[in-house]
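What follows is a set of notes on a single structure, which appears directly below.
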Protein chains: 2
Amino acid sequence: MSPRGQAARAVPQPTQPPVRRPTVQDVAREAGVSPSTVSRALHTRGYASPAVRARVRAAAERIGYVTDHNARNLRSRTSTSIGVLISDLRNPFYADLAAGIEQELRSAGYQMVLVNDNGDPAEELQAAETLLAMRVPGVIVTPVTAKCPQVLQDNGVHVVCADRELSRSKSDVVLGDNETGARELTEHLIALGHTRIGLLIDETKWSTGAGRLAGFRAAHVDNDLTVDEDLIAYTSFDADAARLTTRKLLNDHDVTAIISANNVLAQGALAELKDRRLKIPRQISLAAYDDVPWMSLVQPALTTVDQSTVEMGRSCARLLLARIRGELTPKRRQVKVPARLIVRGSTGPAPR
Amino acid sequence: MSPRGQAARAVPQPTQPPVRRPTVQDVAREAGVSPSTVSRALHTRGYASPAVRARVRAAAERIGYVTDHNARNLRSRTSTSIGVLISDLRNPFYADLAAGIEQELRSAGYQMVLVNDNGDPAEELQAAETLLAMRVPGVIVTPVTAKCPQVLQDNGVHVVCADRELSRSKSDVVLGDNETGARELTEHLIALGHTRIGLLIDETKWSTGAGRLAGFRAAHVDNDLTVDEDLIAYTSFDADAARLTTRKLLNDHDVTAIISANNVLAQGALAELKDRRLKIPRQISLAAYDDVPWMSLVQPALTTVDQSTVEMGRSCARLLLARIRGELTPKRRQVKVPARLIVRGSTGPAPR
DNA sequence: CTGTTAGCGCATTCAA
DNA sequence: TTGAATGCGCTAACAG
């Protein structure tokens with residue numbers, strides 16, 4: 001194996017020759033027309049008499065003809081495969097996002113090539129190159145690095161960034177309303193009398209973390225509270241780390257409520273609270289950004305912000321397809337998907 | 001839009017002509033060799049002197065050459081795209097399965113085309129046709145209908161059925177050890193003194209449901225208990241239905257424990273138990289087949305059977321690739337992934 | 001080991 | 001409205 005670079009990419013194996021599949025030639029013979037007529041009858045709008053069209057389709061059906069996308073893509077320099085690059089399929093957020101994307105793509109006749117980049121810049125870039133090789137017309141990505149969208153766009157591939165944007169991106173983007181969502185969540189707690197609220201957060205460089213933090217701050221400001229910076233607990237992106245960070249937060253400070261910035265961190269926070277046998281919400285309130293199913297199953301159910309993740313995915317797909325079809329002005333589009341506060345049992349009045 | 005049939009399939013839009021990308025010709029010129037030498041230097045093993053190979057790769061890198069998969073696939077009659085057909089990406093079971101598949105495929109240089117068929121035979125079949133059009137060499141499917149694997153195989157596409165098999169399938173298959181898993185889970189309850197155990201199950205026609213039911217029965221037989229058929233509560237496949245079925249089960253029978261046959265049904269069962277304020281496991285024990293993350297988060301955490309779902313996905317991919325590469329004898333392969341009992345807090349001694 | 005030739009299956013010119 | 005000719009970009013034969 002070569003060490004690196006594009007030549008390292010795997011290549012088709014000497015697979016046993018697949019069965020010979022019918023071609024337009026075969027259909028043409030069967031229908032008694034020319035190959036080009038078959039092509040037009042099957043796909044192009046206009047340019048084929050209804051009679052011929054019917055005959056050709058019948059013939060195609062009869063002999064089991066199925067268009068060869070490779071040939072079609074090669075010739076027409078288009079493709080109906082769309083690349084989707086996400087960070088972690090096992091995280092319900094990304095799974096929902098992908099589900100929304102796939103649904104919309106499929107109903108428009110497109111296919112989804114899904115790559116899990118594990119949030120790793122190298123894998124993300126490698127994936128981008130694979131998608132370039134596939135000549136996909138567009139990619140939806142939850143970006144890790146600006147370089148990935150960059151490379152794709154430099155090669156004429158349309159890009160929609162999903163969930164977050166990095167610095168000054170030139171691509172279309174679909175974002176959740178992180179600031180509003182976080183503000184409402186924080187205000188909900190403040191309204192319950194909480195003044196010492198811990199924020200468990202993993203990153204603030206992406207627009208997601210930055211927005212949620214901003215909303216958290218804004219809620220304080222709007223209510224004449226000052227944010228105690230020590231209550232902003234920066235942690236790593238996994239549940240175990242979140243648990244340890246929560247432990248430290250509770251040891252060092254007397255917070256009456258905790259907000260976790262996403263669904264994964266919430267797992268860690270909840271685990272720690274349960275471990276300490278703290279009564280929720282009597283002794284401490286817990287709330288989470290990014291509602292996922294388990295949050296309704298625990299007792300008490302968690303107060304959360306629902307990001308409409310599936311809809312976010314659908315939006316991404318719709319936007320990308322519109323772009324590909326040339327239905328949009330050159331101006332960069334930014335779509336915002338609403339965030340919705342869902343109050344459940346895990347938040348209550350602040351203990352005195 | 002035409003009503004149905006293959007001609008209805010969407011076709012590439014008149015997208016704006018993409019940027020012109022470098023071809024082997026360009027690389028050849030840049031490196032001062034012939035196109036075929038470029039091809040060999042870049043991909044084929046052997047048949048190119050190290051010097052030339054290096055020169056070609058450097059040239060390719062320099063001008064930003066990226067292989068065109070469409071052209072390559074067309075010419076070589078192979079493809080590195082693999083179809084994956086699953087029922088519900090939002091269900092963590094399928095998400096994990098897909099994640100395992102993708103991981104293994106990607107590390108072997110293959111791409112995953114993911115289709116969510118929603119457990120619908122029509123969508124499944126439609127997806128199969130799309131994958132035929134893409135000329136994928138193989139497909140991994142959690143089958144809904146026997147027709148789907150059938151159609152694919154008839155067209156020379158290798159198929160691996162994942163998680164379950166339908167009737168006498170001719171395809172390779174990767175299954176969980178449902179019978180053993182369910183037996184161990186049931187025996188665990190029996191050992192705790194339970195004799196009236198409810199089984200919440202949605203289907204018994206697929207090998208999954210049938211296997212789990214068989215394991216449930218076997219455990220009873222092995223322990224000289226007779227299965228009360230009324231305690232086998234057949235339900236629909238969603239959580240809400242499971243909840244209603246659980247309600248009925250509890251109303252009509254005095255079970256001391258409930259086993260749910262999968263992770264979705266467990267949601268319904270748990271919801272109903274909580275709604276009734278039943279103390280778990282003091283008043284009733286609850287156990288679930290198919291461990292997913294939330295089951296460790298609820299209080300008490302659920303006793304489950306872990307299906308090694310990600311590993312199951314990896315196995316599927318490995319098996320399929322081996323088949324594609326022709327490394328396997330013609331004989332149909334059946335891989336069994338172990339099931340593992342995980343005892344947590346939701347199961348306890350039977351109340352007297 | 002390398003270059004030349006040919007053609008994968010299709011959609012698109014252009015003529016008729 | 002249809003048919004004939006062309007070539008998308010690549011790799012498999014073959015010859016050298």
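In the text below, chain A, chain B and the rest are named by the order of the sequence lines, each starting its count at 1. Values reported hereafter were calculated over all heavy atoms of this structure, with side chains retained and with hydrogens, waters and symmetry mates removed.
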query = Which whole-number value in Å describes the distance from A/Leu74 CG to C/dG7 C1'?
reply = 12 Å

query = Hey, does the side chain of B/Thr37 come within less than 4.0 Å of C/dG3's phosphate (OP1/OP2), counting only N and O?
reply = yes

Any protein N or O atoms within reach of nucleotides 12-16 of chain D? Criterion: under 3.5 Å, listing atom names and distances.
{"from": "D/dA12", "atom 1": "O4'", "to": "B/Arg75", "atom 2": "NH2", "distance (Å)": "3.0"}

Atom pair SG (B/Cys161) and CG (B/Leu320), whose distance is rounded to the nearest 0.5 Å = 11.0 Å

ask   = Under 4.0 Å between a side-chain N/O of B/Tyr47 and OP1 or OP2 of C/dG3, yes or no?
value = no

query = How would you list all residue pairs meeting salt bridge (Lys or Arg N to Asp or Glu O under 4.0 Å) that involve residues 133-144 of chain B, not counting sequence neighbours?
reply = A/Asp68-B/Arg135

inquiry  = Restricting to salt bridge (charged side-chain N to carboxylate O under 4.0 Å, His left out), what partner residues turn up for A/Asp117, sequence neighbours left out?
reply    = none

ask   = When you check the side-chain N and O atoms of A/Ser39 and A/Arg75, is any donor under 3.5 Å from an acceptor?
value = no

task = Verify the contact: side-chain N or O of A/Arg77 to OP1 or OP2 of D/dG9, cut-off strictly under 4.0 Å; return yes or no.
result = yes

query = Between C/dC1, C/dG3, D/dC10, which nucleotide gets closest to the side-chain atoms of B/Ser49?
reply = C/dC1

query = Taking only N and O in the side chain of A/Ser34, is any of them less than 4.0 Å away from OP1 or OP2 of D/dG3?
reply = yes

note = Closest to the side chain of A/Val33, out of D/dT11, D/dG3, D/dG9, is D/dG3

message = Taking the axis from the first five pairs and the axis from the last five, what angle separates them in the helix from C/dC1-D/dG16 to C/dA16-D/dT1, rounded to 10 degrees?
response = 30°

message = Rounded to whole Å, please give me the gap between OH in A/Tyr65 and P in C/dC10.
response = 3 Å

ask   = Which pairs count as salt bridge (Lys or Arg N to Asp or Glu O under 4.0 Å) when at least one residue sits in residues 99-114 of chain A, sequence neighbours excluded?
value = A/Glu102-A/Arg106, A/Glu104-A/Arg318, A/Arg106-B/Glu123

note = Atom CG of B/Asn73 and atom C1' of C/dG7 are separated, to the nearest Å, by 16 Å

remark   = B/Ser107 meets the side-chain hydrogen bond (donor to acceptor under 3.5 Å, both in side chains) criterion, sequence neighbours left out, with none

note = Sorted by position of nearest nucleotide on DNA chain C, 5' first, the leading residue of B/Val38 and B/Arg135 is B/Val38

inquiry  = Using a 6.0 Å cut-off, check whether atom CZ of A/Arg62 has over 12 heavy atoms from anything other than its own residue.
reply    = yes

